[in-house]
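A short write-up of the structure that comes next.
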Number of protein chains: 4
Amino acid sequence: MNETNTNRRLAAVTTLLPPGMTPEGSRGLILSEALRLFAEHGYGGASIRDIAQQVGIKGASVYSHYPSKAHVLAELLRIGHEEHFRRMRAALLAAGPEPTQQLIAVVRAHVFAHAEYPMLAVVASAEMHALPAEFATPILEVRRNSEMQLLDVIRRGTELGVFNVPDAELALAAIAAMGVRVAHWYAPDNKRTPEQIADVFAQFACRLVGAAV
Amino acid sequence: MNETNTNRRLAAVTTLLPPGMTPEGSRGLILSEALRLFAEHGYGGASIRDIAQQVGIKGASVYSHYPSKAHVLAELLRIGHEEHFRRMRAALLAAGPEPTQQLIAVVRAHVFAHAEYPMLAVVASAEMHALPAEFATPILEVRRNSEMQLLDVIRRGTELGVFNVPDAELALAAIAAMGVRVAHWYAPDNKRTPEQIADVFAQFACRLVGAAV
Amino acid sequence: MNETNTNRRLAAVTTLLPPGMTPEGSRGLILSEALRLFAEHGYGGASIRDIAQQVGIKGASVYSHYPSKAHVLAELLRIGHEEHFRRMRAALLAAGPEPTQQLIAVVRAHVFAHAEYPMLAVVASAEMHALPAEFATPILEVRRNSEMQLLDVIRRGTELGVFNVPDAELALAAIAAMGVRVAHWYAPDNKRTPEQIADVFAQFACRLVGAAV
Amino acid sequence: MNETNTNRRLAAVTTLLPPGMTPEGSRGLILSEALRLFAEHGYGGASIRDIAQQVGIKGASVYSHYPSKAHVLAELLRIGHEEHFRRMRAALLAAGPEPTQQLIAVVRAHVFAHAEYPMLAVVASAEMHALPAEFATPILEVRRNSEMQLLDVIRRGTELGVFNVPDAELALAAIAAMGVRVAHWYAPDNKRTPEQIADVFAQFACRLVGAAV
DNA sequence: AATGAATGAGGCTTCATTCAT
DNA sequence: AATGAATGAAGCCTCATTCAT
């Protein structure tokens, strides 16, 4: 592991995984430490032995908890994507019928998730390609659902004449991108809180779609 | 190499490297094929032998042209970042003094670069962390310069009262993100041309900073 | 490995390592077989795979026991030097205060060690330069201590008028050399026993320093 | 090449090869630089490219002068052994019939050769085993002849009653060893000149064989 | 005489994984 | 649940050597 090559991807973060998603004992520790290492060095750059060492066990012992390294990554990506989807859906459900309010709610949730769990988000977006195809399919499905939630908001707002976008899919791409990249530069020592960033980005999204604010 | 795991990151692309940046002969071929493979499988997922095989030489022969695998990556990242910077600067120089025109020009260049050389852009953004620190420093400097060009436009437009942004750095982050992510989803078979995408994203950027359009 | 180039350095030997210094199991076997091969072909001429094959395991398995090839060499050199030092010190302690008796004791121990463990001695003297500097320091310290033991005997004998040498350091060099080279030509099929050689060389040393015998 | 591992074998020396033995031009330079590098890092530790670089040419160009790396080593070993033999024989011829004077002459020549060309001597004694068998045979013949010259002196002196040794072969081994090891510790910055060392060691040899001095 | 490019062989090492304990 | 030992595959890289230029 390249110790001199640290933190070019992501600064230190304390909360790694959403509460309630982490298993007990070694199983959970493996997940957190794998996340930390995958975020820092990439999936290929962190070995089973590295992870085990962080946990305080030996490499072989990891296999008492996960059948393979890919299973660990898959679980992380699943947790990340599901948490992200859940938050967006919950935000949307609470937002009421007004398209602008919906957009604000969804973008806030999207951005917030990436700022609150940046390691999870970085791994989810940067290490997807390391996941064998059989693991990727259901996770990509979740991702597509998340995107669809946002796309539907944009489309509906456009149809209702509240938004004005030349190309809904490009608007989706642009708005989604803002949030995704947050995970790559946000660190807890940033002078803005995740909430503040989420608020500003929600405003950006509204402007982007031409909503009156 | 995970053959079943192909193309989850990026679709096929024809032009890999900016003209004039590619050396002649094997040296240039190594660069292109490494780019293709790094984009597809990641730096760690593509071996020297894989690259050599694409070029039609043996692994050991790669070392007649580059002293290490990291040097190949470094050259790709340097080309990518310098081309990106050059385009943004050229666009800015041609744009005249009007902030909105400047923003449009810079964002178009930014987006266009990511759509025209998506592999280079993907590798530049996703494999930076694989580069040993001694190679990274000068490249990160170029990256910072590129960002500064855009940030200065945003700040000046804001000071002149042409733009209205609550937080110039967040605006930069948002606008930059849009373009960066283009490389991850754009493919030549997209129904939009790079120009069209660049135009729409430039419009998004203008809206985002509150410029009258 | 150059099979036609065998045994130009040293003839076959049965006991390789001092008893009590060899670890159990594969760890110990690796040490003995590495010693045999390093003595025969040099450090650079014996590969990890060669060693592993002699042990009956695969190359990768060597790394379950030693973190690198250099560590194996370092352990061999450490054992060799420490055993040598220990024997010389023990001999000196048992020799009483008389300089000539001390010289005889020390030289006998010195020669005996080289004749009894010729492979260890050959490797210790011929492969030192292959050891990375960080490993070499403590070992060279032991070597210096061994030399000092002999030098002190020579000096004291000279000061007491029992010996008569023009240059104590050269006497040390000459006497030490006799013993060191024994490892390069002595083989168990020699018509002399190690004891006999040690006795004769002790006599030579006495003559060399001008002690009355 | 391990730059931090320098000079653990031998200190810096200016004259590398006996005058008249070095070919002109690149051919000679290759020989000297190979000697320097083989002495420092061992035959296996110095590559053809390393040698070429010291000479100021490329690795491939070495093959315009020597058909293989082994040929370079062979030439060095041949030069070293022949020079050594020639000096011993010349010394013996000039010494007259008196055994003690013969011994002094031969030992002086032996020691002097090792102190004046320590690199050649180190390589000759430490890298012999790296030489393929077909090259080694004639060189070992020369070595045997050199030894015989000294052994014959010892035997004759003993038969004539001038010397008194319990075992002529062991006396040879001891006396030869003194000289051989000189190459490993002697450096031009030593406070003794090669002549002084040769004189002292000749005296040691006389004492060792029990010659009246 | 020298070189750039290429190569086959091989070196050390890491890694995910297995299995008996 | 954990471990030490082992392994096959593979990775990066070095090396002596060849050959056309």
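Convention: sequence-line order gives letters A, B, ...; per-chain numbering from 1. All heavy atoms count here, side chains included; hydrogens, waters and symmetry mates do not.
Annotation for C:Leu16 and C:Leu35: closest pair O-CD2, 3.4 Å, computed over non-hydrogen atoms.
Comparing C:Ser26 and B:Ile48 by the nucleotide of DNA chain F that holds the closest heavy atom to each, the one mapping nearer the 5' end is C:Ser26.
Rounded to whole Å, the distance from CD1 on C:Ile57 to P on E:dT18 is 21 Å. Rounded to whole Å, atom C1' of E:dG8 lies 16 Å from atom CD of B:Gln53. Distance CZ (B:Arg27) to P (E:dA6): 12 Å, rounded to an integer number of Å. Distance CG (C:Asp50) to P (E:dA9): 17 Å, rounded to an integer number of Å. Between the P atom of F:dA2 and the NZ atom of A:Lys58 lies a distance of 12 Å, rounded to the nearest Å. Atom C1' of nucleotide E:dA2 and atom CG of D:Leu29 are separated by 14 Å, given to the nearest angstrom. Following rounding to the nearest Å, C:Glu24 (CD) and F:dG4 (P) show an atom-to-atom distance of 17 Å. Across the protein-nucleic acid pair, A:His41 atom NE2 and E:dC15 atom C1' stand 16 Å apart, rounded to whole Å.
Note: A:Tyr43 and A:His129 fail the aromatic proximity criterion, with ring centroids not under 6.0 Å apart.
A donor-acceptor contact under 3.5 Å is not formed by the side chain of B:Arg49 with the base of F:dA10.
Looking at heavy atoms from C-beta onward, C:Ile30 lies in side-chain contact with C:Ile57 at the 4.5 angstrom threshold. In this structure the side chain of D:His71 reaches within 4.5 angstrom of the side chain of D:Phe135, judged on heavy atoms.
Note that the CG atom of D:Asp50 and the CD atom of D:Gln53 stand 7.0 Å from one another [nearest 0.5 Å].
For F:dA9, the paired nucleotide is E:dT14, the pair qualifying as Watson-Crick or G-U wobble because both relevant distances are below 3.5 Å. Within the shown strands, F:dT3 is the pairing partner of E:dA20 under the Watson-Crick or G-U definition, both distances less than 3.5 Å. The nucleotide E:dG8 finds its pairing partner in F:dC15, both defining distances of the Watson-Crick or G-U wobble pair being shorter than 3.5 Å.
Looking at B:His81, its side chain does come within 3.5 Å of a backbone N or O of B:Leu77 through a donor-acceptor pair. Not one N or O on the side chain of D:Arg49 forms a donor-acceptor pair closer than 3.5 Å with the backbone of D:Gly59.
Shown for residues 60-75 of chain C: residues whose heavy atoms fall under 4.0 angstrom of DNA chain F, namely C:Ala60, C:Ser61, C:Ser64, C:His65.
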